[in-house]
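Residues take their numbers from the sequence shown, with the count starting at 1. Quick caveat, the model's predicted, so the values are computed rather than measured. The basis for the numbers below is simple: all heavy atoms, side chains too, and nothing from hydrogens, waters or symmetry mates.
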Amino acid sequence: MTDRVAARLVDVSKRYGGVAALEGVSLELAQGVCHALVGENGAGKSTLVKLLCGATAPSAGSIEILDDAGAARRFEQLTPRLAQQLGVRVVHQEFALIDALTVAENVHFGSEPRRFGIVPDRAAMRRRARELLGELGVPLDVDRKVASLSVGQKQVVEVAKGLGAAARIFVLDEPTAPLTPVEVERLYAVVRRLKQRGVAVLYISHRLQEVFDLCEAVTVLRDGRKVHHGPVAELTRRDLVRAMAGRDLGNVDESAPPHLPGRALGAVRLRVRGLAARAPGRTALEAVDLEVRAGEVVGLAGLVGAGRSETLRAIFGAGERRAGTIEVDGRPVAPRSPAQAIAAGIGLVPEDRKAEGAILRRSVRENVALAVLRRFAPFGVLRRRKLQELAAALVRRLRIKTRSTGEPVGALSGGNQQKVVLARWLATRCPVLLLDEPTRGIDVGARQEIYQVLRELSRDGHALLVASSSLPELLALSDRLVVMRDGRVVGELAAAEATAEAVLQRAAR
């Protein structure tokens, strides 16, 4: 191991039964270098990270890491405690936070500063947590319980938690998925400072532009094997996508397909007037007005905490609506629960698919059926064959990669889990579909497939209201953009006049 290499994985493999999640992969992480790890969902990226942080043991191969003295130590496997002692820090895509604890307690969990070596120094914890959040440019109440935070705010806490401990190897797994461009730029600055300090950064992202913005080296995994390694500067985006997919997808725009011009929009399908809502720990909504016409895609833009998710939840009956009216196809509706919203023709793809979108232990078929059980159970008798036919048809339509409709959703990749959630609402044929971060943590191929489904839905006359932290995604998908700030609508832009600069001018204070 050279003096610039902080860690090396040597011919590591990981098998689960007869299935190879990784097969003979080698990887070097150099000090002061940001190394991208990319691949489609299910390529083996998460498994590699688990080996590096000691969450699981390799079936074969070894791991070498520099210790405090600068000597290379070779391990057949690591444990989480040993990996931390060696300076490995991971910001996981799936949050490793404790909802019942405060922001400050989560940031320092496992490494709390203590007074007299015994009593936790809570004042020091709060002070340091504020400093770390300030470094990320996101003000949060450090005494607030994590359970009350949005997905974007939880991501910020995860990054602050990783920064709070001395790291020699810093792993970022989809760190920008729920963040807006402003927060992304702040994270970029943090990564650059880590590199200047000599930290080795392993950066995992499905947003390919981030690879070219931040990283010097890239490794591509496909089906558990390393298929490319080299300098980022020697690749084009098309080269990278070809390596990931194993085929040429052309000049893929990773954010969205070209916008559909010249579509004739129908009558207003969703009308919201004076919507006000409040939920503990969430942004309060005040007098939100918006409309979505048949065949129209309206994007909800705004920074973290602007109220985008809260708006969708309130419309869907999942928030504490205090005032305002909602109409679907001209009919007044007042959903006080998701069940009432579904009955009124409204569906929601939530931002946290694992916690709110899918029942991971249940099968693909059962997840698809959740919103249409009454249709398939007249007189209380479930028509299993008809349900199976529907699920199979949706699996084919959305190209869901699964061994069968009876496979548990938790066994699928993130992109395929998201497709199952979307399939549920296709089954209902709901006229109004709300989508919150519909492509979060999804690879470029699956993302394009989901965009295509949304285009088909808009052509069929559905009204789509899409909240996303990705401005390129919103700009490419939307006929109009509604910009929010502090729980209010502060601007509206037609597709022809919408630019990233115009949106951010309205979204920032």
Side-chain angles (χ1 to χ4, degrees), residues 259-260 262-277 285 287-300 307-350 357 368-376 378 390 394 397 421-436 438 450-468 474 477-482 484 489 492-495:
H259 187 72
L260 279 174
R263 285 174 297 144
L265 303 180
V268 173
R269 300 214 80 160
L270 173 67
R271 177 178 284 117
V272 177
R273 289 287 178 267
L275 181 65
L285 303 179
V288 172
D289 294 344
L290 57 86
E291 292 182 351
V292 189
R293 307 178 77 85
E296 187 178 29
V297 181
V298 173
L300 269 185
R308 295 168 300 164
S309 298
E310 288 80 359
T311 298
L312 299 187
R313 291 172 63 86
I315 295 171
F316 191 62
E320 294 186 12
R321 184 165 56 87
R322 297 187 291 110
T325 60
I326 301 171
E327 295 179 8
V328 174
D329 289 334
R331 303 185 329 271
V333 298
R336 296 290 179 183
S337 68
Q340 292 180 4
I342 294 169
I346 303 173
L348 171 66
V349 176
V368 169
L370 282 177
V372 292
L373 279 175
R374 289 186 179 180
R375 190 201 312 170
F376 289 91
L390 172 68
L394 289 169
R397 178 179 177 184
V421 176
L422 186 55
R424 178 186 306 151
W425 302 115
L426 296 185
T428 69
R429 301 189 291 270
C430 55
V432 176
L433 184 57
L434 317 174
L435 300 108
D436 198 352
I450 287 178
Y451 290 146
Q452 185 59 38
V453 172
L454 299 186
R455 285 159 59 92
E456 292 171 3
L457 289 173
S458 67
R459 275 196 291 256
D460 291 342
H462 294 260
L464 307 182
L465 182 59
V466 182
S468 175
L474 287 181
L477 278 176
S478 305
D479 299 291
R480 284 185 297 118
L481 268 78
V482 173
M484 298 191 68
V489 172
E492 186 174 307
L493 296 164

Notebook entry, point to check: Got Leu426 and Val453 here, is their nearest side-chain heavy-atom distance under 4.5 Å?
Noted result: yes
Next item on the list: Applying side chain to side chain donor-acceptor pair (under 3.5 Å), name anything that partners Arg480, two or more places apart in sequence or on another chain.
Entry: Glu296, Glu492
Notebook entry, point to check: Quick one: does Val297's side chain get under 4.5 Å of Leu454's, heavy atoms only?
Noted result: no
Next item on the list: Sorted by first residue and then second, give each side chain to side chain donor-acceptor pair (under 3.5 Å) pair with at least one member in residues 326-335; sequence neighbours left out.
Entry: Arg269-Asp329, Arg271-Glu327
Checklist line | Val466 and Ser478, any side-chain heavy atoms less than 4.5 Å apart | finding: no
Checklist line | Side chain to side chain, Leu465 and Ile315, heavy atoms closer than 4.5 Å | finding: yes
Margin query: Taking the side chain as everything from C-beta on, heavy atoms only, tell me whether Pro350 gets closer than 4.5 Å to Val421.
Written below: yes
Check: Is there a side chain to side chain contact (heavy atoms under 4.5 Å, CB included) between Leu433 and Leu422 once you walk through the steps?
Finding: CA-CA 10 Å; Leu433 184 57; Leu422 186 55; 4.0 Å; yes
Next item on the list: Please examine the side chains of Leu285 and Met484, heavy atoms only from C-beta on, and report whether any two atoms are closer than 4.5 Å.
Entry: yes
Distance-only criterion, 3.5 Å: show the donor-acceptor pairs between side-chain atoms of residues 332-344 and protein atoms not counting sequence neighbours.
from   : atom 1 : to     : atom 2 : distance (Å)
Arg336 : NH1    : Arg321 : O      : 3.0
Ser337 : OG     : Gln340 : N      : 3.3
Gln340 : OE1    : Arg336 : N      : 2.8

Checklist line | For Arg273, all residues meeting side chain to side chain donor-acceptor pair (under 3.5 Å), sequence neighbours excluded | finding: Glu291
Margin query: Between Arg424 (side chain only) and Gly347 (backbone N and O only), is there a donor and an acceptor less than 3.5 Å apart?
Written below: no
Checklist line | By side chain to side chain donor-acceptor pair (under 3.5 Å) - contacts of Ser468 (at least two apart) | finding: Glu473
Note to self: Is it the case that the side chain of Asp289 and the backbone of Gly274 share a donor-acceptor pair, with hydrogens and angles ignored and the cut-off at 3.5 Å?
What the structure shows: yes
Next item on the list: Could you check if a side-chain atom of Val298 sits within less than 4.5 angstrom of a side-chain atom of Leu270, using non-hydrogen atoms only?
Entry: no
Next item on the list: Please name all residues satisfying side chain to side chain donor-acceptor pair (under 3.5 Å) with Arg429, sequence neighbours left out, ordered by chain then number.
Entry: none
